[in-house]
K.L.:
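I have a structure here, written as structure tokens, and I will follow up with some questions on it.
Fair warning: this is a prediction, and the values are worked out from it, not measured in the lab. We name chains A, B, ... by the order of the sequence lines, and we start the count at 1 in each one.
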Protein chains: 2
Amino acid sequence: MQPLPSAPILVDQVYRRLMTAIADRTLPPGRRIRQGELAESLGVSRQPISHALQLLKHQGLVRESGRQGLEVAPMDPDRIRHLYRVRSALDELSARDAAERVAAGDSTASERADLAAIVAKGSAFDPDIPLPVLVQADVDFHQRLYAMSSNPVVIEILDPQWPHLRRSMLTVLEGGSYRRRAWEEHAEIARLVLAGDAEAASRASRRHAEIAGEETALRLKGEAATD
Amino acid sequence: MQPLPSAPILVDQVYRRLMTAIADRTLPPGRRIRQGELAESLGVSRQPISHALQLLKHQGLVRESGRQGLEVAPMDPDRIRHLYRVRSALDELSARDAAERVAAGDSTASERADLAAIVAKGSAFDPDIPLPVLVQADVDFHQRLYAMSSNPVVIEILDPQWPHLRRSMLTVLEGGSYRRRAWEEHAEIARLVLAGDAEAASRASRRHAEIAGEETALRLKGEAATD
DNA sequence: GTGCCGAATTCGGAATTCCGAATTCGTATT
DNA sequence: AATACGAATTCGGAATTCCGAATTCGGCAC
């Protein structure tokens with residue numbers, strides 16, 4: 001038997017709630033954070049709020065506002081660019097390992113099918129798909145790839161970074177022009193991984209992250225300039 | 001004028017204290033953690049202790065012990081091995097960027113001198129150097145390289161992982177046989193970076209992390225077997 | 001003597017309260 | 001009317017208290 005829902009563990013609930021709120025820009029960059037407000041609106045005491053904010057601060061999603069208290073961290077195009085360079089390196093690693101696992105016959109049929117399904121979903125160029133769903137598909141694609149590399153550390157280490165990436169992706173995909181290209185690249189990466197071509201898959205994966213990073217930094221800087 | 005020491009911020013103090021204690025194995029893997037105990041021994045209430053433990057849990061340095069409460073996370077040879085693979089990818093990236101910055105003349109004299117000094121210190125094959133100091137030199141070397149790559153995200157993302165690495169390095173370096181080789185490789189990497197040879201530096205850096213990872217996983221597994 | 005049931009203790013998470021610091025608003029003085 | 005001083009409010013961190021759950025220990029029955 002499983003231990004069942006166990007305790008609610010408010011800290012964790014609050015943490016996740018706030019993280020998604022920041023990722024989907026419900027809490028926009030720069031928004032002032034007041035512990036008391038959040039506590040009241042979520043119906044809990046300030047204690048778990050404080051804990052969760054501590055975690056988010058370490059994660060760079062909130063920061064101390066100049067005067068007093070915290071605010072949602074603004075998007076920093078430069079930081080995003082550097083983050084994409086890190087992703088380039090790790091995506092390359094994961095794609096290589098994933099392709100090698102496929103080639104060695106160590107991958108399961110369900111993970112391969114799952115990867116293909118995600119690509120199919122994102123590649124269906126339907127303008128009606130709401131943006132958050134598309135972003136989710138993007139995140140799913142890359143995380144699936146990480147999982148297929150069988151290196152849990154890659155997932156762990158990048159997990160706290162995804163909210164940053166989600167936020168910026170929302171901005172970039174608003175434009176719409178990059179969407180088709182991104183999913184063409186995803187499809188190509190998936191094809192190479194599923195074919196077990198480690199060398200080509202790793203190159204394509206690294207290149208994809210590099211391109212996405214440049215694209216994103218460009219858009220974010222443009223955004224900032226038009227503010 | 002600077003804001004001066006400002007508030008003590010116990011959470012942070014406690015966090016750092018516990019982190020170093022785990023890293024240097026003052027709190028050995030598996031050690032049971034009791035909030036009340038820590039609170040008393042540090043002379044603070046349980047509140048900041050609880051906050052800090054929350055952070056450490058997210059960092060994987062403590063985990064819920066089977067029964068109740070927390071314990072210092074045991075060293076997981078498999079996880080360390082995966083972690084070193086991540087480091088391989090990021091070390092390669094950093095070494096390349098650092099070398100390119102040197103080649104482009106973007107590096108400062110003091111960072112170059114600092115790197116050389118660290119290598120000189122570690123390479124002085126003096127068996128009297130206490131282990132923690134040697135470990136510190138190792139960490140310093142790699143973090144200096146990260147800093148020279150001018151990609152702050154690499155530093156941020158790996159920062160929470162260093163305590164894990166420190167712990168395992170303490171175990172590996174106890175043997176002593178790997179020490180000389182490690183610092184020969186460090187010296188070679190530094191030489192290539194300072195020469196601005198991005199391609200060779202990145203290759204050497206990746207290789208070094210791969211070798212260190214294998215060496216470490218081997219020792220840790222041997223250690224576990226002899227328990 | 002062994003095993004099981006229950007009460008006391010332990011422990012961690014959450015709520016409430018307290019405190020110091022910073023901000024803000026109001027008033028008085030120039 | 002503008003500015004400067006000061007009191008009230010706001011806010012976050014820390015301490016204390018409370019509560020539910022799990023563990024442990026003692027006693028009782030078999």
Side-chain angles (χ1 to χ4, degrees), chain A residues 1-22 27-74, chain B residues 1-22 27-74:
Chain A
M1 288 284 293
Q2 287 290 1
L4 284 186
S6 74
I9 310 224
L10 294 186
V11 175
D12 223 39
Q13 304 236 332
V14 171
Y15 170 66
R16 268 188 258 274
R17 178 76 71 94
L18 290 179
M19 193 164 61
T20 59
I22 293 174
L27 289 175
R31 164 71 61 86
R32 178 79 175 280
I33 303 275
R34 274 163 300 239
Q35 298 189 348
E37 243 178 44
L38 286 177
E40 192 176 3
S41 73
L42 294 180
V44 298
S45 84
R46 275 180 42 219
Q47 168 93 342
I49 304 283
S50 177
H51 277 240
L53 288 177
Q54 199 70 231
L55 293 172
L56 292 170
K57 190 166 62 173
H58 264 252
Q59 202 173 337
L61 289 174
V62 305
R63 65 170 193 185
E64 336 230 343
S65 81
R67 36 187 180 290
Q68 174 186 11
L70 300 170
E71 64 181 18
V72 176
Chain B
M1 287 286 291
Q2 287 290 2
L4 281 184
S6 72
I9 310 223
L10 293 186
V11 175
D12 224 38
Q13 305 236 333
V14 171
Y15 169 67
R16 269 187 255 276
R17 177 77 69 94
L18 291 179
M19 191 163 62
T20 58
I22 293 174
L27 289 175
R31 164 70 61 85
R32 180 80 174 280
I33 303 277
R34 274 165 300 240
Q35 299 190 348
E37 245 179 42
L38 287 177
E40 192 176 3
S41 75
L42 294 181
V44 298
S45 85
R46 275 181 40 220
Q47 168 94 343
I49 304 283
S50 177
H51 278 239
L53 288 177
Q54 198 69 231
L55 293 172
L56 292 169
K57 190 166 62 173
H58 264 254
Q59 202 172 337
L61 289 174
V62 305
R63 66 170 192 184
E64 335 230 343
S65 82
R67 35 188 182 288
Q68 174 186 10
L70 300 170
E71 65 181 17
V72 176

K.L.:
To the nearest Å, give me how far apart CG (A/Leu10) and P (C/dG12) are.
P.N.:
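So the CG-P distance, A/Leu10 to C/dG12, works out to 17 Å.
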K.L.:
Please tabulate the protein-to-nucleotide N/O contacts below 3.5 Å involving nucleotides 7-10 of chain D, giving atom names and distances.
P.N.:
none

K.L.:
Which of these nucleotides, D/dA15, C/dC11, C/dT16, is closest to any side-chain atom of A/Ser45?
P.N.:
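Closest nucleotide to the A/Ser45 side chain: C/dT16.
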K.L.:
Considering only heavy atoms from C-beta outward, does the side chain of B/Met19 approach that of B/Gln59 to under 4.5 Å?
P.N.:
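They are in side-chain contact.
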K.L.:
Tell me if the centroids of the rings in B/Tyr15 and B/His51 come within less than 6.0 Å of each other.
P.N.:
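Ring centres of B/His51 and B/Tyr15 not closer than 6.0 Å.
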K.L.:
List the residues meeting side-chain hydrogen bond (donor to acceptor under 3.5 Å, both in side chains) with A/Arg46, not counting sequence neighbours, and say none if there are none.
P.N.:
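side-chain hydrogen bond (donor to acceptor under 3.5 Å, both in side chains) check on A/Arg46 returns A/Gln35.
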K.L.:
With the side chain counted from C-beta on, respond yes when A/Val72 and A/Leu61 share a heavy-atom pair under 4.5 Å apart, and no when they do not.
P.N.:
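Counting from C-beta outward, A/Val72 and A/Leu61 never come under 4.5 Å.
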K.L.:
Expected output is a numbered-order residue list: members of residues 46-57 of chain B with a heavy atom under 4.0 Å from any atom of DNA chain D. What is it?
P.N.:
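Result for residues 46-57 of chain B: B/Gln47, B/Pro48, sorted by number.
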K.L.:
Which heavy-atom pair separates A/Pro74 from A/Pro29 by the least distance, and what is that distance?
P.N.:
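Heavy atoms of A/Pro74 and A/Pro29 come nearest at CA-CB, 3.7 Å.
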K.L.:
Any heavy-atom pair between the side chains of A/Leu53 and A/Leu18 that's under 4.5 Å?
P.N.:
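In short, these two side chains touch, coming nearer than 4.5 Å.
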K.L.:
So B/Glu71 and B/Arg63, salt bridge (charged side-chain N to carboxylate O under 4.0 Å, His left out) or not? Walk me through it.
P.N.:
CA-CA 6 Å; B/Glu71 65 181 17; B/Arg63 66 170 192 184; 2.9 Å; yes
K.L.:
Is the shortest heavy-atom distance from the side chain of B/Val44 to the side chain of B/Leu38 under 4.5 Å?
P.N.:
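Counting from C-beta outward, B/Val44 and B/Leu38 never come under 4.5 Å.
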K.L.:
Which of these nucleotides, D/dC11, C/dG13, D/dA14, is closest to any side-chain atom of B/Gln35?
P.N.:
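Selected nucleotide (nearest to the side chain): C/dG13.
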K.L.:
C/dG12 P sits how many Å from A/Asp12 CG, rounded?
P.N.:
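From A/Asp12 CG to C/dG12 P: 17 Å.
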